[in-house]
Amino acid sequence: MNDRLMEQVSSLVDNEQQSASGKSLDQVLKSPELRETWQRYHQMGDWMRGAADGKVVRVDVAARVRTALESEPAMLIPVQSTSESVEDASSSGLDANVVPGPRSWGQMAGIGVAAAVASLTVLLFQQNNFLGLDNPSPFLASNDATVNSVATADSVAAGAVAATQVSQTGADDSTIQSAHLSATFQEKLDAYLVSHVKQSAGNGVQGMLPYARVVNHGAGSSVVDSPIGRQGQ
Amino acid sequence: MSDKADIDTELVRRVQRGDKGAFDLLVRKYQQRVAKLISRFISDAAEVEDVTQEAFIKAYRALPNFRGDSAFYTWLYRIATNAAKNHLVTMRRRPPRSDVDITSGATEQGYELEGDESPEGEMMSEEIRRTIQKTLDEMPEELRLALTMCEFDGLTYEEIAEVMECPIGTVRSRIFRARHLLDGKLRPLISDHEVEDVV
């Protein structure tokens with residue numbers, strides 16, 4: 001064997017080649033004899049440093065590993081640049097039959113972002129509907145009419161019939177919903193709504209709030225209800 | 001000190017590109033050290049060899065996940081440690097409670113785990129030790145110094161050249177010649193034992 005090549009192997013063993021990806025490494029990879037030299041030089045260093053004792057001094061699994069890997073597919077993956085997780089590989093038992101490639105992580109991240117955006121859009125859409133920003137509350141809804149204001153006045157003591165005034169922008173397609181409920185039923189309904197609002201506030205649950213009028217007992221025990229969004233007024 | 005991981009990084013890169021031969025070089029380089037590490041957990045020599053092989057195969061399969069944040073040998077040693085522990089669990093033996101230092105193979109508590117060195121293996125390793133020592137003693141001083149500074153002290157060629165006040169090319173040549181001398185003495189020794197094993 002050419003001494004010059006052997007010297008290059010010696011330099012490679014010490015990682016002292018000008019370029020590790022240069023010709024020397026290619027030559028070692030091609031030549032079985034240089035491979036043997038590479039192994040012996042490393043072995044020599046291990047023995048000198050006492051890294052091998054009687055139990056392992058004859059261990060040579062290279063041929064066995066080569067044979068075992070003959071049936072394995074060769075890797076053809078791009079060089080990865082992100083951080084690796086040794087712990088994952090080692091502690092998870094290294095089931096390399098299930099090895100996610102670098103692209104699958106990117107795809108998974110993309111799918112995750114898309115799902116998050118979609119969910120957010122749906123939630124915002126629903127919330128807008130609930131708050132009646134674009135459409136009136138379902139309770140007051142009437143075709144495509146725009147509700148500008150709703151005012152309901154009622155007197156529980158007098159047992160008067162509730163009246164609802166809905167002013168509309170359109171003249172022809174306007175619809176006015178008004179409920180004529182008996183005084184007894186109105187009392188029960190008001191009591192239920194007040195109780196529900198109290199409980200839902202205590203539990204932090206929105207419950208049927210978007211669908212219901214907010215009811216409170218004002219001065220003179222008159223019940224005033226108002227649509228959602230007007231509670232502070 | 002030079003970054004000794006460079007050649008490993010290049011070899012790993014080549015393996016990831018589909019060059020199995022590059023992995024063979026990694027196996028040849030680390031097999032003794034990995035076997036030594038595993039022998040701290042497992043006493044039987046045949047089992048040590050089996051688990052060493054298993055560790056390298058697992059490492060090969062897991063290489064797509066290796067991205068080079070840690071040195072290859074650190075990663076490999078962890079795989080080997082887990083392979084040894086898993087083997088003990090499979091064999092229903094209790095793994096040692098202390099961890100093993102990956103650089104020296106020593107346990108945290110500083111004691112050697114039980115050994116099961118065969119008389120032949122012990123005799124051979126003793127013979128190798130003696131041959132190395134004798135050859136080092138007999139070789140020219142400049143060769144011995146260059147090799148020992150490289151192997152024992154981990155100095156780079158540049159640092160050795162500075163200490164020995166000579167060009168790097170001379171250091172390169174001296175280290176190679178020292179290795180060549182040692183190789184000449186050790187090869188027959190190993191070959192003899194291999195022949196004995198076959199017979």
Participant: Report yes if the side chains of B:V34 and A:V61 come closer than 4.5 Å at any heavy-atom pair, otherwise no.
Facilitator: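 Of all side-chain heavy-atom pairs linking A:V61 with B:V34, none is under 4.5 Å.
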Participant: As an exercise, state the distance from NZ of B:K20 to CG of A:L69, rounded to the nearest 0.5 Å.
Facilitator: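 Spacing of NZ (B:K20) from CG (A:L69) equals 6.5 Å.
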Participant: Non-hydrogen atoms of chain B under 4.5 Å away: do they reach the side chain of A:R66, the backbone, both or neither?
Facilitator: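 Side chain of A:R66 only, per the 4.5 Å heavy-atom cut-off to chain B.
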Participant: Could you check which of A:Q8, A:E36, A:R35 has the highest count of heavy-atom pairs closer than 4.5 Å to chain B?
Facilitator: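 Option with the greatest count: A:R35.
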Participant: Under 4.5 Å between any side-chain heavy atoms of A:H42 and B:R33, yes or no?
Facilitator: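 Yes. Closest side-chain heavy atoms under 4.5 Å.
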Participant: Mind checking whether A:M6 and B:F176 have side chains closer than 4.5 Å, heavy atoms only?
Facilitator: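 Sidechains of B:F176 and A:M6: in contact.
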Participant: Above 12 or not: heavy atoms from other molecules or residues under 6.0 Å from CD of B:E126?
Facilitator: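 Above 12, so yes.
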Participant: Between A:E16 and B:R172, is there a donor-acceptor pair closer than 3.5 Å when you use the side chain of the first and the backbone of the second?
Facilitator: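 Such a contact is absent between A:E16 side chain and B:R172 backbone.
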Participant: Would you check, one step at a time, whether the test side chain to side chain contact (heavy atoms under 4.5 Å, CB included) holds for B:R179 with A:V13?
Facilitator: CA-CA 11 Å; B:R179 281 193 173 124; A:V13 165; 3.8 Å; yes
Participant: Could you measure the distance from the CD atom of B:Q32 to the CE atom of A:M44? Nearest 0.5 Å is fine.
Facilitator: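 If I round to the nearest 0.5 Å, the distance is 12.0 Å.
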Participant: Name the option with the most non-hydrogen atom pairs under 4.5 Å to chain A; the candidates are B:L136, B:T148, B:L182.
Facilitator: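 Maximum pair count with chain A is reached by B:L182.
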Participant: How close do A:A62 and B:Q31 get, counting heavy atoms only, and between which atoms?
Facilitator: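 For A:A62 and B:Q31, the tightest heavy-atom pair comes out as N-OE1, 3.3 Å.
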Participant: State, with a plain yes or no, whether a side-chain heavy atom of A:N15 is found less than 4.5 Å away from one of B:D8.
Facilitator: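 Heavy-atom side-chain distance check fails, nothing below 4.5 Å.
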Participant: If I take atom CG from residue A:D14 and atom CD1 from residue B:I160, how far apart are they, to the nearest 0.5 angstrom?
Facilitator: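 Here the rounded value is 7.5 Å.
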Participant: Taking B:L25's backbone N and O only, do any of them form a donor-acceptor pair with A:W38's side chain (distance below 3.5 Å, no angle check)?
Facilitator: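 Side chain of A:W38 to backbone of B:L25: a pair is present.
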Participant: Got B:Y60 and A:V65 here, is their nearest side-chain heavy-atom distance under 4.5 Å?
Facilitator: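 Sidechains of A:V65 and B:Y60: no contact.
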Participant: Could you check if a side-chain atom of B:S125 sits within less than 4.5 angstrom of a side-chain atom of A:W47, using non-hydrogen atoms only?
Facilitator: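 No - every pair of side-chain heavy atoms lies 4.5 Å or more apart.
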Participant: If you look at every heavy atom in B:I175 and A:S10, which pair is closest and at what distance?
Facilitator: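 The pair with the smallest heavy-atom distance is CG2-OG, 3.9 Å.
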Participant: If you define the side chain from C-beta out and look only at heavy atoms, does anything of A:L25 sit under 4.5 Å from B:E10?
Facilitator: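 Yes, at least one pair of side-chain atoms sits under 4.5 Å.
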Participant: Using non-hydrogen atoms only, which part of A:E70 is less than 4.5 Å away from chain B: side chain, backbone, both, or neither?
Facilitator: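 It is the backbone, since no side chain atom gets that close.
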Participant: Does B:R61 pair with A:E72 as a salt bridge, N-O distance under 4.0 Å?
Facilitator: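 Judged by the 4.0 Å cut-off on N to carboxylate O distance, B:R61 and A:E72 do form a salt bridge.
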Participant: Can you tell me how far apart CG (B:D19) and CG (A:D26) are? Round to the nearest 0.5 Å.
Facilitator: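 Here the rounded value is 9.0 Å.
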Participant: Relative to chain B, which segment of A:R64 carries a heavy atom at a distance below 4.5 Å: side chain, backbone, both, or neither?
Facilitator: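 For A:R64, backbone and side chain are both near chain B.
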Participant: With side chains defined as the heavy atoms from C-beta onward, is the minimum distance between A:L29 and B:R14 less than 4.5 Å?
Facilitator: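 A side-chain contact under 4.5 Å exists here.
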Participant: Give a yes or no on whether the backbone of A:Q43 and the side-chain of B:K29 come within a donor-acceptor separation of less than 3.5 Å.
Facilitator: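 Pair absent, no side-chain N/O of B:K29 close to backbone of A:Q43.
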Participant: Do A:Y41 and B:D183 have a side chain donor and acceptor closer than 3.5 Å?
Facilitator: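 A:Y41 vs B:D183: no donor-acceptor pair found between side chains.
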